[in-house]
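Working notes, beginning with the structure itself.
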4 protein chains.
Amino acid sequence: MCPLIQQVEAVCAKRARRKEARPGELLAAALDLFVEKGFAATKAEEVAARAGVSKGTLFLYFKSKEELFKAVVRENISGNFPAWNAEFDNFQGSTAEMLSYAMNAWWAHVGATQASGITKLMMSEARNFPELAAFYQDEVIRPGNALLARILQRGIDRGEFRPVNIKYGVHSVLAPLMFLTMWKHSLGACVGQDVELVPKDYIAAQIDTLLNGFCTPAKTTLSPTLTQFTPYPLTGDSQA
Amino acid sequence: MCPLIQQVEAVCAKRARRKEARPGELLAAALDLFVEKGFAATKAEEVAARAGVSKGTLFLYFKSKEELFKAVVRENISGNFPAWNAEFDNFQGSTAEMLSYAMNAWWAHVGATQASGITKLMMSEARNFPELAAFYQDEVIRPGNALLARILQRGIDRGEFRPVNIKYGVHSVLAPLMFLTMWKHSLGACVGQDVELVPKDYIAAQIDTLLNGFCTPAKTTLSPTLTQFTPYPLTGDSQA
Amino acid sequence: MCPLIQQVEAVCAKRARRKEARPGELLAAALDLFVEKGFAATKAEEVAARAGVSKGTLFLYFKSKEELFKAVVRENISGNFPAWNAEFDNFQGSTAEMLSYAMNAWWAHVGATQASGITKLMMSEARNFPELAAFYQDEVIRPGNALLARILQRGIDRGEFRPVNIKYGVHSVLAPLMFLTMWKHSLGACVGQDVELVPKDYIAAQIDTLLNGFCTPAKTTLSPTLTQFTPYPLTGDSQA
Amino acid sequence: MCPLIQQVEAVCAKRARRKEARPGELLAAALDLFVEKGFAATKAEEVAARAGVSKGTLFLYFKSKEELFKAVVRENISGNFPAWNAEFDNFQGSTAEMLSYAMNAWWAHVGATQASGITKLMMSEARNFPELAAFYQDEVIRPGNALLARILQRGIDRGEFRPVNIKYGVHSVLAPLMFLTMWKHSLGACVGQDVELVPKDYIAAQIDTLLNGFCTPAKTTLSPTLTQFTPYPLTGDSQA
DNA sequence: GATGAATGAGGATTCATTCAT
DNA sequence: CATGAATGAATCCTCATTCAT
């Protein structure tokens, strides 16, 4: 008679199994929705519903919607940089190969995944969450820039790259990736197939331009395979 | 004939000027706030207050907050493209110079002005305003891409640029500018001076990389002045 | 250039002529709208617009919307009762004829005119305007009931009518007329032709029933013309 | 199996009863207030307060104030007509008795209850809610008229009533009842005891007049008890 | 007088958050 | 722990009323 009773057995069974999964499911649901609609336009109840729990449960795990937001951001800023820096240290090939590899790897492990939503989120909401913005700068921007800077410096040091301005050269690499991310999560998600971007082709083209832009004249002629992505296993990265 | 006529001229003059000024003041205030805080987090009353009027007055000129938002977007998408296309047609120098000029001009006339806030806005809110997203694609994205495509094609046709993929080559130019815009209106507006971007230097560096990336080997050696911005007057553009 | 100037000449010409007509035009417009939509749902600006003046002008003539409402009610409760009582005093025919005449006259001079809207208005809004309700009782209900009571009493005194209860007998006459009025201004104004009431036929039928109900057995057979309305001139009644 | 089940029954019992009761409490409060003050002048918060809940709760059960209004109307138009038609079919006495019974029963089961407020409401607000007006015509006006028409037709067929015009004869019965309802909920609720109507006496008087008006001469002499109400149990009617 | 731009109190509605069950 | 009914602060928007012109 009361539909709750019917559900209870199922709930009893599942609850134990899912109990510890809850926060993760909530964070995933929240990331999706925050990315799609923004912080303010996302309703707590929607997040709970998408995570398959009730409104009350959401607040059991997160003190407030703002805390949920912060948790979403923190959760998805996995500290990949140690692993990535280790890869840098061990990388054997040319710096052109390294840069190509890095950009493709970024797409495979970040850009193409839900984690890329965090970038969109930070760009959209940073000014309402200065504390998070600072956190993001510390955890992502600075390490990321540093890693890119190391790559460029390596190229220059080895005579592979022209002596470009490191600080702004970093953004020549970063900007196309960030733009792709933003596009994917905003205007690119609406209408217009004529403006659609095919990530692999887009990235290949950017790599092509960049390497021509960075490399010393002698190196201008790149083997075409350089822009192809060879999927090195990225240590310490659990995201598919 | 009737003393009213005398009064009316005065009234027409003063009140009309007021009435005509209001929407502009409100749109300016709204642009500021929407860019700063996002659509949802901006209160109608704040916009009114910043424009120096009361809540009610805002709704006298815009049926709803959503209409205000749409008006803000439309208002700031002045049809610069005809003038820019005309400039393209009349441009005398090399395509490298043209590209350099175009990027610097974009910064001076768009990026550095409040109009750049619209880009941030569209990226942040597109998914909540699909109609506007379509409108923006029609009015901005497509014409913008087309103009950049014409520049690249000119370079290729004249043997100045390598035969790069036009569609994605466009984004090599676009992405650094879009990233600068997003950055300026989001994370760049918070904390950290170490990550601060100096627009002129940033753009000069991107031009440097791009031209090296686009140009044919023979042209690889650019005169350093190419990355300096010479302020051509932009016809039909009233923005400082 | 300023459209006001163009209108001014016309305004100058008309203003003198219309100046004293204004309040009347406003009251007429207000009556229409109050009847149609009720007090609260009627906007001051609508009233002004229908009267062909500006919002400001309305408040020049009526201190507030509530005052306007009161004025509308007061204005339309013309003191017809002295004239009607005089007619009663001078009436020559049978009381059946008198009753028939009175009901038809009421329709012609009140029910069919905008004045009937006042009844609708009082029924709908009385509880929000107790002061007006009292006024209406004094000026309309009591004199109206008294007049009907005199008619019934005359019929009884002359042996034409059965000795019915005067107080409630009055409502046997009143109710059909009030119902017709309410109907006309509410549900009757919406949809359904199958429930449409043809006032003349409706009133004729009510007169038929009432006279059969009131008259003494001997008088039961009425000449059929009794239910036809002969348009006696109603002294002191300016309404068409 | 799981202690939750035990809790759930209690919760189901108590909370569900609460949840089921809420809408009714709100509808009752809303009916009161809408009848008293009209739709527009009734504040949502007042309704909630009278129902003993908060503003927010009201909107938990009704999407908007307008939906609340519609629900109030629909709720109070219980389908009494099948039961009433059944009574008609089984009625044994004279048609005069039947009519008398019907009018008294209407008062006892509708006129005297809160349901009569709906009539007032529809008359007052019909023009602002055309859909509801149509609904009301379908659900109340037409079935009601049809039932009354059946009664009159029965009287005529059995030679008890004069061959009156059925369509308008219906309103001879209806009008006094409708007027009583309107009166009770409008002017009658204000001031003046001298114009007070005692429902039982009022109805008795109307019955008296109507029967005299409808009946054939031979039947003109009615037993005085006919106008007294004998409270037949009204099948399927739960209202006191 | 007349106008209509401006005002801001008032009311509908939303939604994060709480808490009894 | 989980639930979802209840809350009320916050916000959009309306419209009677004012007042400079």
Side-chain angles (χ1 to χ4, degrees), chain A residues 4 7-8 11 15-16 19 22 40 42-48 53-66 68, chain B residues 3-4 7-16 18-19 22 40-46 48 52-66 68, chain C residues 4 7-8 11 15-16 19 22 40 42-48 53-66 68, chain D residues 3-4 7-16 18-19 22 40-46 48 52-66 68:
Chain A
L4 255 176
Q7 287 174 27
V8 163
V11 169
R15 194 170 286 171
K19 205 177 281 187
R22 284 284 156 70
T42 297
K43 291 173 231 174
E45 192 162 14
E46 275 179 302
V47 175
V53 300
S54 77
K55 218 180 339 177
T57 305
L58 171 61
F59 288 92
L60 216 54
Y61 289 98
F62 302 95
K63 204 175 328 208
S64 70
K65 189 181 160 189
E66 199 158 326
L68 172 64
Chain B
L4 252 176
Q7 280 178 36
V8 164
E9 289 215 37
V11 169
C12 278
K14 214 167 261 183
R15 190 120 76 193
R18 213 65 213 284
K19 192 182 179 186
R22 286 277 183 259
T42 297
K43 287 173 250 179
E45 196 160 9
E46 275 180 303
V53 299
S54 74
K55 209 179 359 170
T57 303
L58 170 60
F59 290 96
L60 216 54
Y61 292 96
F62 302 95
K63 227 183 318 248
S64 69
K65 192 179 157 189
E66 194 160 327
L68 172 64
Chain C
L4 253 177
Q7 288 176 25
V8 163
V11 169
R15 192 171 287 168
K19 203 178 282 184
R22 286 281 157 70
T42 296
K43 292 174 229 174
E45 193 162 13
E46 275 181 302
V47 174
V53 299
S54 76
K55 220 183 334 179
T57 304
L58 171 60
F59 288 91
L60 216 55
Y61 290 99
F62 302 95
K63 206 172 324 204
S64 70
K65 189 180 160 190
E66 198 157 327
L68 172 64
Chain D
L4 250 175
Q7 279 177 36
V8 164
E9 288 217 37
V11 169
C12 277
K14 212 168 260 184
R15 189 120 76 191
R18 212 66 211 285
K19 192 182 180 185
R22 285 277 183 258
T42 297
K43 287 173 253 181
E45 196 160 10
E46 277 180 302
V53 299
S54 76
K55 212 176 359 169
T57 303
L58 170 61
F59 290 95
L60 216 56
Y61 292 96
F62 302 95
K63 223 183 322 249
S64 68
K65 191 180 158 190
E66 195 160 326
L68 172 64

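All heavy atoms count here, side chains included; hydrogens, waters and symmetry mates do not. Below, read A as the first sequence line, B as the second, and so on, with proteins coming before strands; counting in each chain starts at 1.
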Can you check the D/Leu68 CG to E/dA12 P distance for me, whole Å?
11 Å
Separation of atom NZ in C/Lys63 from atom C1' in F/dT18, rounded to whole Å
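That distance rounds to 15 Å.
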So what does the secondary structure string of DNA chain E come out as, 5' to 3', with Watson-Crick or wobble pairs under 3.5 angstrom, [ ] for crossing and | for pairs with another strand?
.||||||||||||||||||||
Go nucleotide by nucleotide along DNA chain F from the 5' end; which of B/Thr42 and A/Leu58 gets its closest nucleotide reached first?
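Nearer the 5' end of the strand: A/Leu58.
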Which residue lies toward the 5' end of DNA chain F, D/Ser54 or C/Phe59, if each is placed at its nearest nucleotide?
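On the 5' side of the pair lies D/Ser54.
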Looking at every non-hydrogen atom in both residues, tell me the closest pair between [X] and [Y] and how far apart they are.
| X | Y | result |
| --- | --- | --- |
| A/Phe59 | A/Ser64 | CE2-CA, 4.0 Å |
| C/Lys65 | C/Thr42 | NZ-O, 2.8 Å |
| C/Ala40 | D/Ala40 | CB-CB, 3.3 Å |
| C/Leu58 | C/Ala48 | CB-CB, 4.4 Å |

Establish, with yes or no, whether the OP1 or OP2 oxygen of E/dA5 is under 4.0 angstrom from a side-chain nitrogen or oxygen of B/Thr57.
no
Side-chain N or O of B/Tyr61 closer than 4.0 Å to phosphate OP1/OP2 of E/dA5
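For E/dA5, neither OP1 nor OP2 has a side-chain N or O of B/Tyr61 closer than 4.0 Å.
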Among [options], which nucleotide has an atom closest to any side-chain atom of [X]?
| X | options | value |
| --- | --- | --- |
| D/Val53 | E/dA5, F/dT7, E/dA16 | F/dT7 |
| C/Lys43 | F/dA6, E/dT7, F/dC15 | F/dC15 |
| B/Lys55 | E/dG10, E/dT3, F/dT3 | E/dG10 |
| B/Ser64 | E/dA6, E/dT3, F/dC13 | F/dC13 |
| C/Leu60 | E/dA2, F/dA6, E/dT17 | E/dA2 |

Classify the nucleic acid contact of D/Lys65 as base, sugar-phosphate or nothing, counting any heavy atom under 4.0 Å across all strands shown.
sugar-phosphate
For the CG atom of B/Leu68 and the CD atom of B/Glu66, what is their distance to the nearest 0.5 Å?
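The CD atom of B/Glu66 is 10.5 Å from CG of B/Leu68, to the nearest 0.5 Å.
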Pick the nucleotide of DNA chain E nearest each of A/Glu45 and D/Glu66; which residue has the one closer to the 5' end?
D/Glu66
